[in-house]
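Data block below; observations after.
The shown structure was predicted, so the numbers you read here are calculated from the model rather than taken from an experiment. Order of appearance sets the numbers: ligands from 1, and atoms from 1 within every ligand. Here, residue 1 is the first one in the sequence, and each next residue gets the next number.
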Amino acid sequence: MNALFLMTILQAVGPSGRPADYLGFEPGTDSMLADWKQVSGYMNSLAQRSRYVRVDTLGRTTEGRPFLLMTITAPANQERLPEIKRAQAQLADPRRLSDAALADIRAKQPAVILISNNIHSTEIASSQMGMTLAYGLATDSTLRRLLDSVVVLMIPSMNPDGLDSVVTWYRRYKGTRYEGGPLPWLYHKYIGHDNNRDWFMLTQVETRLVTRMLYKDWFPEIVYDVHQMGANGVRLFVPPFQDPVNPNLDPAIVAGINLVGVQMASDLYDAGMTGVAHQQTYDLWWHGGFRSTPTRHNMIGILTEAASTRLASPITIPVDSVRQPGRGVNYPAPWAGGTWRMGDIVRYELIAAEALVRLAARDRVNVIDRFVGLGRRAVDAGLAGNPFAYILPVEQRDPESWAALANVLSAGGVEVWRAAEPFTADGRRYSAGALVVPMGQPYRAHAKDLLEPQQYTPVNDRPPYDVAGWTLPFTMDVRADVVNSPFNANLVRADSVVPAPGKIEGSGDVFVLRNRTNGESQAIAALLSAGQSVTVVGDSIIVRGPRARAILGEQAARHGFSVTAVRNAPPDAGRGRTRQRLPRIGLYQPWTGNIDEGWTRWLFEQYGISYTTVRDNDLKNGGLRQRFDVLVLPDAEASSLLSGSDTTRIPLQYAGGMTERGAEAISAFVRGGGTLVCLDGSSNFAITRLNLSVANVLAGEASGPQVLRFYAPGSIFGTVLGGVGTGRVASPVTLGVPDSLKVYFESSAAFTVSGSARALATYPSQPLRSGYARFQERLEGKAALVEAPVGSGRVILFGFRPQFRGQTHGTFKLLFNAVLLAAP
Ligand SMILES: [Zn+2]
């Protein structure tokens, strides 16, 4: 390194290496925010200066920024990181760990903890706090001593794209009435706030990078996820969580979480802080968050939630406006009210994080032994049966969904095996290729919780914190058999599963698709995009010619479906409906940061379905029928679609929603022959605006005493195709879909129909399959999916979430059909 370059570094970092020297302000200072370039730049500069700090790039974010992992520990540990990681892998899988090896590892292995900051980008304080924490760990002599016994992994931001998005927005409106206000778009390109609901489905790159590091590379014993909540309540939530406790959590996980939470609270009170609460809001039921998925991997999962400010701007709350419980064992020091600053959050979070580091160092041996004990008990419980294994037979309606389910488990660290030969289990015969998920493995809880139905039981009539059910064989429509007795089979590990390549069977230049798989929808999109005409006849889709053969051959091989080739089109083909090109699809994106819109956009891109984003001004300008064949409205309340956010919250150009003019334009679009697809809440908008002969019977449930209301927060229900007494109704929307179908319902809609409106799918009696529902009988006979003609167009109402969080492979098809096949 030459002298000039060294000088440049010293100037950039400053003589002391403090964050303030690098940034020009102390992290947590009012109205000052470091963006990702500054945060990552500081962390890299610290790694250059300190032998305690190492920075690795795990990969790139959705928008291409570097995604960083810091490893902070004593230099002697830094020098043997590969050895420490190998030992962590052994501790994580006690099947390969002898008592002697454990004793050997225990003698010298540090505890490994992970601190993850800023997954929710507007919960901004932790992105700033991380720099002060890293500097303190690297330089403070007391903290440094702890690092002989602990490896601190830290992710400075779990969503660097979102950090930049928020900081840019904050800086732009600083000093105006919109300072610290909400963004009009999502802070993750596709899924916004749902980036913390992706931890088993792993649809996004950031989730996959961290998951790989957790369950395949580092295996930390404790994971601490740092969040913020609303501004007006308690100052900081720390565990214990509130009831109920998921049945798959080992009691030692629950107690371990409690220990850490109480240690954090204790240190906060020693430092004179107030307003720290336990057993609030956040439960131990839910699976899918960053603090909950590790608990199914024998890791202690910690969450703290600090009261927010307006991003970096302080707020003042008089004490009588603070929503806080009275003094008690879960809240011994109420907050006195007053001014609350980002710097306060940073202070609380620093104390909590340092408490964790101290606890991990002090309890190092217990931390290691507990981790091993949890793994051992998981393996033993699985070997004891109940169940012994799950089997995913190779015969599935959609082989790609089957492969996707296996790969979700496998990416989450679960061992999946493939049968090399046919075998018998619990009296059933399975073909070679069947996938086996044995329960006698360390991450049993993760696999079991994802494969079994949930039965949420409320405590004190309380709803679950997030959704109540998530059973993947139901949402993905994949057959998964429970096996209770041990069996013999010739198994090989299957780390990544691909469907057996499909092909074109028969001969001729006319091709018949049954449209039973999502891959066929992707193929239809590809055919239409290439200008190939597609004809729907009865329950088949027919395409012709050598170009179609080339596209179908390639798609069938990749997605595992088969196509029948025939010489002559079936005699009724002339009566079919033919599409000549891809429908022009408009997807409405309100300026309210609509997550359902983001998921829809993501799904369309995954399946090669081209769309155009439609904003308020496009709607207000009218003439929609000239531009589009299909319009998709994401889940949103009718009032939000119409009025959006008002100008007290958001700058004028983003305020006001689609307005009456936009609503009128949509109405004209449908009457003029367009297809309007309404997802869940937006159905209410269409029912009213287009005067449909449809009623949402659950709309009235919002009033009346809560205990008398229908309620289903996020659950899986069975449906049967068709209406009451009508049987299956011919419609392109349900083409190729099985007669009974499980749908994802999250405080959704249910319909009665009359006149020309038709029910395409209906709830049977006792429809709940997984999760929770109060008064589920009220759904019986109600329609879940409706098609209603309006003028020369039509409206398709989804009373559920066909693409819920990217999980519901079993109902993607309905949305694909609605946009690809139901258009004029
Ligand atoms: Zn959060």
Side-chain angles (χ1 to χ4, degrees), residues 33 39 61 114-130 154-167 169-170 180-183 185-201 204 206-207 210 223-239 241-242 257 261 264 275-278 280-295 301-312 315 323 340 342 344-346 348-350 352-353 464-467 592-595 598-599 713-714 805:
L33 288 174
V39 172
T61 65
L114 169 71
I115 299 173
S116 57
N117 294 326
N118 188 227
I119 185 167
H120 288 150
S121 308
T122 48
E123 301 166 17
I124 197 109
S126 61
S127 66
Q128 315 293 303
M129 177 278 288
M154 178 160 63
I155 297 174
S157 174
M158 295 274 270
N159 180 14
D161 297 342
L163 175 62
D164 276 355
S165 181
V166 168
V167 173
W169 180 256
Y170 182 78
L183 277 70
W185 42 74
L186 298 171
Y187 54 60
H188 178 281
K189 179 178 178 186
Y190 294 111
I191 63 169
H193 203 72
D194 272 4
N195 65 350
N196 195 31
R197 297 177 175 128
D198 192 39
W199 290 100
F200 58 73
M201 205 63 201
Q204 304 296 313
E206 293 82 4
T207 333
V210 175
V223 171
Y224 169 27
D225 199 28
V226 189
H227 284 253
Q228 289 170 222
M229 54 187 170
N232 292 323
V234 304
R235 295 300 93 188
L236 187 75
F237 163 82
V238 301
F241 291 91
Q242 74 180 14
I257 292 170
M264 287 175 165
V276 180
H278 308 289
Q280 279 229 333
T281 314
Y282 311 97
D283 66 31
L284 277 181
W285 177 256
W286 179 46
H287 194 359
F290 192 58
R291 48 100 174 170
S292 55
T293 304
T295 61
I302 300 296
L303 167 79
T304 66
E305 294 266 1
S308 290
T309 51
R310 285 176 65 83
L311 297 176
I315 54 172
R323 284 182 287 105
W340 182 248
M342 180 173 63
D344 294 320
I345 305 173
V346 166
Y348 276 62
E349 289 175 348
L350 265 179
Y465 166 68
D466 197 273
V467 296
T592 49
N594 186 298
I595 299 173
W599 279 117
R805 296 181 184 172

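Taking backbone and side-chain atoms together, E305 has no N/O/S atom less than 2.8 Å away from the Zn ion (ligand 1). Residue side and main chain included, H120 places an N/O/S atom under 2.8 Å of the Zn ion (ligand 1).
H227 contributes atom ND1 as its closest N/O/S atom to the Zn ion (ligand 1).
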In sequence, state the C-alpha distance, the side-chain angles, and the governing distance for Y282 and Y465, and then conclude on ring pair (Phe, Tyr, Trp, His ring centres under 6.0 Å).
CA-CA 6 Å; Y282 311 97; Y465 166 68; 5.1 Å; yes
Can you check ring pair (Phe, Tyr, Trp, His ring centres under 6.0 Å) on W169 and W185, steps first, answer last?
CA-CA 11 Å; W169 180 256; W185 42 74; 5.4 Å; yes
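Remark: of the listed residues T281, L303, D283, L303 is the sole one forming a side chain to side chain contact (heavy atoms under 4.5 Å, CB included) with F241.
Side chain of D194 to backbone of R197: no donor-acceptor contact under 3.5 angstrom is found.
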